[in-house]
Amino acid sequence: MAVHVPVTDYPMFIDGVSVPSSSGRWIEVRSPATREVVGRVPDGTGADVDRAVAAARAAFRDGRWHRMALADRVAVMNRLGDLLDRDADDLARLETLQTGTAYKLRRDSDFAFASDNLRFFATQIRNLEGKAAYEYTGAHTSFVRREPIGVIGQVSPWNYPLWMAIWKIGPALAAGNSVVLKPASATPLTTVRLAELAKEAGVPDGVFNVVTGRGEVVGAALAAHMEVDMISLTGDTETGKQIQALAAGNLKRVHLELGGKAPFIVCADADIEAAARGATAGALINGGQDCTAATRAYVHHDVYDAFLTRTGELFDAVRVGDPFDPATDLGTLISDTQVARVAGFVERAVAAGARVVAGGFAPEVAGLPDGAFYRPTIVADCTQDSEIVQDEVFGPVLAVLPFDTLDEALEKANDTRYGLAASIWTTNVFTALEATRTMNFGHVQVNDHLMVASEMPHGGFKQSGSGKDMSSYSFEEYTQVKHVMLELTGTPEKGWHYTIFGDKPADQPTPEH
Ligand code: NAD
């Protein structure tokens with residue numbers, strides 16, 4: 001079933017043209033499943049970023065996109081959604097090659113949702129929100145204009161390469177901005193294809209540019225660039241801190257979607273079968289390489305053993321192997337380095353007294369094929385202050401801890417520097433409502449985990465970032481609001497002018513203090 005591919009070059013995309021880097025160098029992209037080279041992209045430089053930003057600025061200045069007739073801009077966005085659907089099989093194949101994750105996840109989950117996200121943002125252009133025009137001073141008519149910001153730099157991660165690119169370009173382009181996007185260097189291939197499809201859909205040259213290369217070179221150059229008006233990152237919390245510092249030079253707007261460490265609370269009254277299935281899907285989605293993945297299960301003492309037994313059975317039943325095999329549930333992690341990182345977390349937790357309930361063995365012992373594979377793993381009896389509970393593992397690993405009272409579970413759930421996603425499993429409506437109020441996360445679910453909707457905001461509290469993806473909130477972040485005021489009286493001498501020059505007119509009341 002292994003898919004062998006001839007090595008293809010994927011030049012980057014600047015001003016509507018496929019181009020190599022000024023460095024002349026290329027980066028090889030390897031499949032983590034076969035370790036074969038599956039494509040090459042240019043190793044971009046600061047000069048390439050300058051070129052792309054200049055193209056984006058020129059496109060923005062002449063208004064070829066944001067002054068396009070609204071109906072035409074909407075049609076282009078919708079056409080791009082259609083092209084994604086048309087090419088979904090090929091794109092999902094390419095995504096699977098570069099990430100090693102199961103083809104069925106790419107094809108039937110995030111890709112189906114990606115085109116819906118785009119079409120949702122196309123609707124947002126037609127629903128601009130703001131205050132009503134009115135005579136707020138009595139002597140002027142005021143109204144707001146919601147305008148694009150200008151040139152947006154965007155940096156995307158390797159876990160959902162195409163999907164996260166869509167979450168970035170969807171609101172930015174819908175709002176009329178020009179974009180320069182840098183995909184992760186491990187997984188740039190589908191993003192290059194996305195730029196080509198955008199051109200085919202009718203996005204004008206220079207409006208959507210893709211510069212490939214390394215984060216510390218291309219991403220950093222974009223974040224620091226004086227001609228970039230806003231920088232948006234989906235990535236690690238530490239990368240977010242670096243980007244925020246780099247952005248300070250021109251005080252550009254910063255939008256950060258960062259790491260997560262989602263708690264998963266199972267109350268004594270929960271439906272244990274539903275919770276076990278939810279935990280399995282929630283922890284193993286994309287091999288656990290998901291910022292909202294369920295990572296820490298807090299389970300009431302009364303149902304602790306029952307939950308561990310059933311969830312352990314489900315984890316053991318997950319089929320790990322060739323990502324292109326339709327019978328495979330879980331492919332690889334992104335790299336051998338990531339496997340070693342994940343294994344390290346599990347080994348250290350066990351050395352500190354935790355107990356492996358499922359998986360957890362080295363690949364060679366676990367009977368896995370050669371490649372960056374890791375078995376779905378449950379580590380029980382973890383302690384709250386351990387690194388496996390506090391830090392982002394980003395692998396198919398669920399840490400489990402017991403609790404006695406709801407207050408204790410909520411306090412431990414909130415005891416993290418992250419604040420992206422959380423869930424609670426209960427059949428008691430009062431417990432559910434108390435948890436949704438108390439849990440300090442940008443997305444709290446009751447009796448489900450992982451679900452997202454184009455219409456609703458996705459974004460973190462605390463060190464999970466600032467700003468929202470998806471929804472009208474995201475669209476608004478890629479716009480700026482201008483207050484326009486029209487003087488209505490035509491009187492040259494205004495009553496308040498005396499506060500700046502001249503004497504107070506006799507008919508002016510003395511202001512109260
Ligand atoms: P990463 O931070 O290593 O890389 C993200 C992007 O930033 C890549 O394109 C990378 O090349 C670039 N980059 C790296 N160093 C940089 C620097 N110094 N300056 C500028 N750019 C730089 O993250 P990753 O490992 O690709 O992705 C996984 C992370 O993303 C996890 O922490 C995950 O939780 C997070 N994530 C968050 C969300 C969300 O919506 N909050 C969604 C998906 C992933």
Side-chain angles (χ1 to χ4, degrees), residues 12 27 29 32 41 43-44 46 49 98-99 101 110 113 117 153-168 171 180-188 190-191 210-225 228 231-247 252 254-262 285-295 333-335 337-338 341-342 391-395 416-422 441-443 450 452 456-471 473-474:
M12 53 195 180
I27 297 175
V29 178
V41 291
D43 189 3
V49 171
Q98 62 180 356
T99 61
T101 48
D110 41 295
F113 201 40
N117 294 153
Q154 303 190 312
V155 182
S156 56
W158 49 256
N159 59 345
Y160 297 97
L162 184 87
W163 197 20
M164 292 301 102
I166 294 293
W167 283 18
K168 299 219 152 310
V180 179
L181 173 65
K182 188 209 93 68
S185 49
T187 56
T190 45
T191 309
V210 170
V211 179
T212 54
R214 296 170 204 280
E216 60 280 12
V217 177
V218 175
L222 265 180
H225 207 291
V228 171
I231 185 81
S232 165
L233 164 77
T234 300
D236 187 77
T237 292
E238 292 311 312
T239 310
K241 291 176 186 176
Q242 289 170 23
I243 282 197
Q244 184 149 317
L246 288 167
K252 59 176 66 69
V254 178
H255 175 111
L256 301 172
E257 297 293 343
L258 308 177
K261 191 72 191 174
I285 175 83
N286 202 25
Q289 301 166 123
D290 183 305
C291 50
T292 65
T295 60
L333 305 190
I334 191 64
S335 64
T337 310
Q338 189 69 7
R341 180 185 144 83
V342 172
D391 296 337
E392 203 175 26
V393 176
F394 235 53
T416 170
R417 65 180 173 281
Y418 298 109
L420 188 58
F441 297 83
H443 185 191
L450 291 180
V452 284
M456 294 303 283
H458 166 95
F461 292 0
K462 296 159 73 178
Q463 291 190 34
S464 287
S466 55
K468 300 295 177 193
D469 275 343
M470 301 200 291
S471 79
Y473 297 96
S474 173

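Keep in mind the model is a prediction, meaning the values are calculated, not measured. Indexing begins at 1, ligand by ligand and atom by atom, following the structure's order.
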### Query
Which protein non-hydrogen atom lies closest to atom 28 (C) of ligand 1, naming both residue and atom, and how far is it?
F394 CE2, 3.5 Å

### Query
Of the protein's non-hydrogen atoms, which lies at the shortest distance from atom 8 (C) of ligand 1, and what is that distance?
S156 O, 3.3 Å

### Task
Considering heavy atoms of the protein only, find what lies nearest to atom 26 (O) of ligand 1 and give residue, atom and distance to 0.1 Å.
W158 CD1, 2.9 Å

### Message
Under a 3.5 Å distance rule, please check whether Q289 uses its side chain to pair with a backbone N or O of W158 as donor and acceptor.
### Response
no

### Task
Pull out every atom of ligand 1 sitting under 4.0 Å from any heavy atom of P157, numbered as shown with elements.
26 (O), 27 (O)

### Query
Which protein heavy atom lies closest to atom 23 (O) of ligand 1, and at what distance to 0.1 Å?
D236 N, 3.3 Å

### Message
Suppose we measure from atom 3 (O) of ligand 1 to each protein heavy atom; which comes out shortest, and what is that distance?
### Response
T239 OG1, 4.0 Å

### Option nearest atom 41 (N) of ligand 1 (shortest heavy-atom distance, choices L258, I231, D290)
L258

### Summary
atom 40 (O) of ligand 1 sits nearest the protein heavy atom H458 NE2, 2.9 Å

For a quick test of your reading: what N or O donor-acceptor pairs under 3.5 Å do the side chains of residues 212-223 make, sequence neighbours left out?
from: T212; atom 1: OG1; to: P42; atom 2: O; distance (Å): 2.7
from: R214; atom 1: NE; to: D43; atom 2: OD1; distance (Å): 3.4

### Those residues that, when tested against D391, pass salt bridge (Lys or Arg N to Asp or Glu O under 4.0 Å) (two or more places apart)
R417

### Query
So is E392 polar-close to ligand 1, meaning N/O to N/O under 3.5 Å?
yes

#### Entry: Top protein contact for atom 7 (O) of ligand 1, by heavy-atom distance
V155 CG1, 3.2 Å

### Query
Quick one: nearest non-hydrogen protein atom to atom 5 (C) of ligand 1, plus distance?
T234 O, 3.7 Å

### Test of proximity, W167 against ligand 1: N or O pairs below 3.5 Å
no

